[in-house]
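These notes concern the structure reproduced below.
Atom set for the values below is all heavy atoms of this structure, side chains included, hydrogens, waters and symmetry mates excluded.
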Amino acid sequence: MSVLSGMTGFGRADGALPVEGGGDWTWSVEARSVNGRTLEVRFRGPPGFDALERHARTSAQARLNRGQVTLGIQAKRELGAAALKVNQDVLARYLALANELAEEGATPPSADGLLSLRGVLEAPEEADDPEARAAVEAAMALTIDQALDALRVSREREGAQLLPVIADFVDRIEALVARAEAEASAQTDAIRERFARRMTELAPDAPGLEDRIYVEAAALATKADVREELDRLTAHVASARALLRQPPAGRKLDFLMQEFMREANTLCSKSATTALTGIGLELKAVIEQLREQVQNVE
């Protein structure tokens, strides 16, 4: 059985890979997600590992249906001094600039200061060893999968928290529909009494008044009949419960909320009693609260 999932969550996974000859890699992958109408994946990875973005998108699509997902990799390579080399051309340019500044009174640079400048020390390119680069990339891809798995678990945890909240709102809607059904049965008598009182005030001596009152009251009661709206609301309640048992259901629940509100609006517009109008307004408020929770469902 599928598990109801939310769209907000966080997942993290760490990885490492020793490289023969030095230059061990370590990295961490973080995956975050928030609500979204569709699945949108934003990726930020280390330079030189462009293929990981395609893997991240494919992996996210295999695990998630909706939400804005941000996935980032922080990678670091530990290099010993023996694995580094000095870029003589870059160093020469820095020295030439430092000498010019020294002639103007600036303090001459130290050796460690020069070595810390960007581009002076270079790490050997992994591109020189395609097998080593491929091994690192494959290991990072596996960590991406692990982070997305953790994200999915986090979202399922949110879904488990949402389920009873949403179910409670559905129960409240069902109870309000039952109250509306009981109140609607009294609408015909209320309409007849109201129309009879009005006609008696305006034309107390009109011939055939009683028959006229009956006919007109029946016509008004037909226009105010909310049986169809209540039947549809009852069907929507059953549909909502079925969807909660068959996730992912976010998009379908979004649409169902529109149908709920449409019937509640019609119920209010047809209401002929203050009590039924009050129930309709309360029903709309609960549906709106339910809609806000449904926005979090995958």
Side-chain angles (χ1 to χ4, degrees), residues 1-9 33-40 64-68 152 154-191 220-298:
M1 178 178 176
S2 299
V3 178
L4 190 72
S5 174
M7 285 191 284
T8 302
S33 69
V34 295
N35 296 0
R37 295 186 64 85
T38 60
L39 179 61
E40 179 183 352
L64 310 171
N65 291 280
R66 291 206 301 168
Q68 296 183 12
R152 182 174 57 184
S154 176
R155 287 166 51 129
E156 289 174 353
R157 190 179 302 117
E158 183 194 33
Q161 296 171 344
L162 284 171
L163 182 58
V165 176
I166 293 175
D168 180 65
F169 279 122
V170 174
D171 290 343
R172 289 168 61 183
I173 290 174
E174 184 178 47
L176 286 168
V177 170
R179 285 175 53 193
E181 288 176 342
E183 184 60 36
S185 63
Q187 276 212 129
T188 301
D189 292 338
I191 291 171
L220 290 173
T222 300
K223 292 181 180 179
D225 183 20
V226 295
R227 179 73 264 165
E228 187 177 350
E229 286 71 28
L230 294 175
D231 286 345
R232 281 199 287 261
L233 283 168
T234 299
H236 293 340
V237 167
S239 295
R241 287 176 173 152
L243 288 173
L244 291 176
R245 295 191 297 268
Q246 300 171 352
R251 290 189 181 91
K252 294 179 181 179
L253 285 171
D254 281 341
F255 175 76
L256 192 58
M257 293 307 101
Q258 300 175 32
E259 298 303 303
F260 265 121
M261 190 60 76
R262 180 178 293 111
E263 302 304 333
N265 284 330
T266 306
L267 175 66
C268 288
S269 66
K270 285 186 174 183
S271 173
T273 66
T274 302
L276 185 57
T277 300
I279 295 172
L281 293 174
E282 186 177 353
L283 183 60
K284 290 175 63 174
V286 175
I287 292 170
E288 180 60 29
Q289 290 174 313
L290 175 57
R291 187 192 68 82
E292 291 176 0
Q293 295 298 328
V294 165
Q295 299 303 307
N296 300 313
V297 177
E298 182 179 26

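- Counting heavy atoms from C-beta on, the side chains of Asp254 and Gln295 come closer than 4.5 Å.
- Side-chain contact between Ile287 and Phe169 is absent, with no heavy atoms from C-beta onward closer than 4.5 Å.
- Nearest heavy-atom pair across Glu229 and Leu267 is CG-N, 4.4 Å.
- Within the 4.5 Å cutoff, side-chain heavy atoms of Ser33 are placed close to those of Arg155.
- Put simply, the side chain of Arg241 reaches to within 4.5 Å of the side chain of Asp171, judged on heavy atoms.
- When every heavy atom of Ala264 is checked against every heavy atom of Leu283, the shortest pair comes out as CB-CD2, 4.1 Å.
- Lys284 and Glu288 are not joined by a salt bridge, as no carboxylate oxygen comes within less than 4.0 angstrom of a charged side-chain nitrogen.
- With sequence neighbours left out, the side chain to side chain donor-acceptor pair (under 3.5 Å) criterion links Arg262 to Glu259.
- Annotation: side chain of Arg227 is in contact with side chain of Glu181 (closest heavy-atom distance under 4.5 Å).
- Remark: the backbone N or O of Met7 is paired with a side-chain donor or acceptor of Glu158 at under 3.5 angstrom.
- Tested against Leu243, the residues Ile166, Val294, Leu253 include a single side-chain contact (heavy atoms from CB on, under 4.5 Å) partner, Leu253.
- Just one residue in the list Asp168, Leu290, Thr234 forms a side-chain contact (heavy atoms from CB on, under 4.5 Å) with Ile173, and that residue is Leu290.
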